[in-house]
Amino acid sequence: MDAYALHLAMAALVGASFVAVSAYYMHRKTLSQLLEFAKAVERDREREEEEDEPGRGDSPQHYKKYAEKRRNHGRRKSNGYYRRVSASLPDVTVISGGPDGEEKRNGSLDLIPAGLPRLHTLPEGKSTVPSNATKRSAHLIRPTSPKSPVASASAFESLEGSDDEDNLTDSTKLDHSYLHTNGDANIADCLNTNGEQAQITASSIIRSHSVSGDLHGVPPDPVAADILRKEPEQETFVRLKITPNEVPSPDEVESYLVLQKCLELRKSYVFTEEVAPWDKEVISDPSTPKPNPNPFFYTPEGKTDHYFEMEDGVVHVYANKDSKENLFPVADATTFFTDLHHILRVIAAGNIRTLCHHRLNLLEQKFNLHVMLNADREFLAQKSAPHRDFYNVRKVDTHVHHSACMNQKHLLRFIKSKLRKEPDEVVIFRDGTYLTLKEVFESLDLNSYDLNVDLLDVHADKSTFHRFDKFNLKYNPCGQSRLREIFLKQDNLIQGRFLAELTKQVFSDLSASKYQMAEYRISIYGRKQSEWDQMASWIVNNELYSENVVWLIQLPRLYNVYKEMGIVTSFQNILDNIFLPLFEVTVDPDSHPQLHLFLKQVVGLDLVDDESKPERRPTKHMPTPTQWTNIFNPAFSYYAYYCYANLHTLNKLRESKGMTTIKFRPHAGEAGDIDHLAATFLTAHNIAHGINLRKSPVLQYLYYLAQIGLAMSPLSNNSLFLDYHRNPFPMFFVRGLNVSLSTDDPLQIHLTKEPLVEEYSIAASVWRLSSCDLCEIARNSVYQSGFSHALKSHWIGKEYYKRGPDGNDIQRTNVPHIRVEFRETIWREEMQKVYLGKAIILDEFDK
């Protein structure tokens, strides 16, 4: 029985194979005959046309131009010219072969009997292909060009700038739904006064490549065609224009004048360099900058005659000790608090709030329309950019605290390795006794085997929400402050050696990733002036340097704690401890050589602490820092002014001596009063967080107009102050605020080895951010960062400092010109509206 079944199966297999082979050869022969017949008919038509219309469109120059164009768009080379073929059908050159008109084909094709219909037929009078176009090789299949890179219009093609432009028939019918797929076509312009369809310009007309139902005329994928061509990105896209221009009402004019004054106030406060970095150092070749072979080599520099002294909390600088002229004056405290109160009155005015809310909503809707009309073009432009994608564009972690720059698994492995390799290292002095690392863990009744991530307990959880104090306790591994002192402090018994080794490992991870950079924030507390030298010696002695890293100094707002401990007597002591060493090393670098080297890597000054603590709003006449001797902590704006004023003076002095400058980039708007954001609007270059801008449409609009950078950390906010789904980041991004994503505290927040990519990944998943959105955010992070002009030129383009598409290099940023031009155009329109058509906008970004 089994043998019989086997014989039946073999017979069925042989029969099926024979039928399949026969069908294949019959299909191949039939197709070859059809194509040969098509060629014969085409030759007859050409001869007839030559007799009827000699010289029309078939001049050698015309044919040569077309042949050259087809060579540029071809796929496969054969006998000196390019042609498209199908991978699944016989390799047959369509119609007229190569440029010399010689017929070429893959194999011998037999003629079929005359009388069969043509392979491609159209209803009489409905042809959309010009008669002379049939003479051109490979005309039947022509994928879309980057001028119409919309996937939904894959069967159509723009003729703008092509040879077919002048040969379109007037009777061509076109559905209006396709008009906007090819650029700036205006539907209203396509209708005459009677509402009938008028003649459409050639740049707006699209042509079908094949008849519906044609088996062998299916066009290839236009996306793949555009990618393989790698032609320059097409900047034609659907632009939004609202007409007629709105004439502002008298109430709106009054509101715009008030907003103008606010913007001018900010310009009068924020420090800007006299000479822009791109004017100081012209980058002709933006190739990879050579790394500094010895960043800690000190060259002695002479002392200048500058003399400085602290007066009412602000350092005054004079040309010499006998001079009485303050070289770098800055607004006094009374002026600042007066201007701050003006800003606070503006953001509370009802009519201005209504206007700003309306403008912000309009910005949001404009972006949504732009994405609806141009998302496919943007995506195609990204695909055509060689090499670049989200993973290999530069991304800067613009807000991350150094003590938490590693993830919890990394810290756990490091602790275990030290317990295994250096158990007898003396690491701490406690209760009158020196303890080794092994003795410390024995006192905690722990060993290397017991340790795990859960026992380490450094990850934020539900208990930290709205509890900043509990969040700070998460810096203590296993809940023990002594372990924090050993592993996460630089001023300890082992002089921060463990933290330095851990930092080098993080540097190594960043270097391996190549495209991720970080700005680590490290603390100076202001308890004593020697803190600066201790910090600098730790950096220099441990050779903590990476091309992927720069430093910011963060100042914890802990005056009340130091006052209660008796460390300081007034707020002036803290200002002296923070700023006087910086002026000393600027005037005389030889007095603090290590600090001088360290400051070359410092790009910003930060203010940190729990913003949710209640505080009293400053008045116009506040006590001076010397008079502030009570136990209460000054308000955020009080800290902000004195840090800003001294840093502004310091930057002017350092710039006059050719040294690097330090930007004011505080935490603000994470929680607490809206006053914090008003103070930083006047004084700061960028801020960290800024989520409270959602509560003030006026400040949000002002931050948009001034393009103040916001380094936002949605995952960190989710653990502390604001649920992830309520975070305003996607709204800020859509409206055009200058936002970037940052990690804040990878040790407490993140789970992977690449916390910044994790931050981007979650944001993209939850808020459905496109690849273009992610690359735009990454580009913003480079602009917000304090890295050098040479590095920015290499990372995002040698003309990055120019506004709009002129400053964008898609081959480095992977951000299409379409997106950049849209952002720039909308921002300029808003600025002109606020300035009533008289805004003066430079072609370059602020210095």
Test your reading of the model: is there a side-chain donor-acceptor pair from Arg812 to the backbone of Trp795, 3.5 Å cut-off? no
Phe328 and Val315: CA distance, side-chain angles, deciding distance, side chain to side chain contact (heavy atoms under 4.5 Å, CB included) verdict: CA-CA 10 Å; Phe328 312 114; Val315 174; over 6 Å; no
Less than 4.0 angstrom from a charged side-chain N to a carboxylate O is my criterion; do Glu264 and Lys261 meet it? no
Consider only side-chain N and O atoms of His316 and Glu325, and report whether a donor and an acceptor are under 3.5 Å apart. no
Using modelled atom types only, decide if a donor and an acceptor are shared between the side chain of Lys657 and the backbone of Thr586 within a distance under 3.5 Å. yes
Would you call Lys652 and Glu274 a salt bridge, using N to O less than 4.0 angstrom? yes
Test item: Asn573 side-chain N/O and Ser570 main-chain N/O as donor-acceptor pair under 3.5 Å: yes
Determine whether the aromatic ring centres of Tyr525 and Tyr562 lie less than 6.0 Å apart. no
Are there over 12 heavy-atom neighbours, none belonging to Lys280, within less than 6.0 Å of that residue's NZ? yes
Would Tyr704 and Asn738 count as having a side-chain donor-acceptor pair, cut-off 3.5 Å? no
Checking side-chain polar atoms at under 3.5 Å, does Thr503 have a donor or acceptor matched by the opposite partner on His402? yes
Before you tell me yes or no, could you show the steps for Glu844 and Trp278 under side-chain hydrogen bond (donor to acceptor under 3.5 Å, both in side chains), namely the whole-Å CA-CA distance, both residues' side-chain angles and the distance that decides it to 0.1 Å? CA-CA 10 Å; Glu844 298 177 352; Trp278 43 88; 2.9 Å; yes
When rounded to the nearest 0.5 angstrom, what is the spacing between CE in Met535 and CD1 in Ile553? 5.5 Å
Under 30°, 30 to 60°, or over 60°: which ring-plane class applies to Tyr801 and His789, parallel, tilted or perpendicular? tilted
Hey, are Asp809 and Tyr800 close enough side-chain-wise for a donor-acceptor pair under 3.5 Å? no
Are Arg665 and Asp606 ion-paired here, with the side-chain N under 4.0 Å from a carboxylate O? no
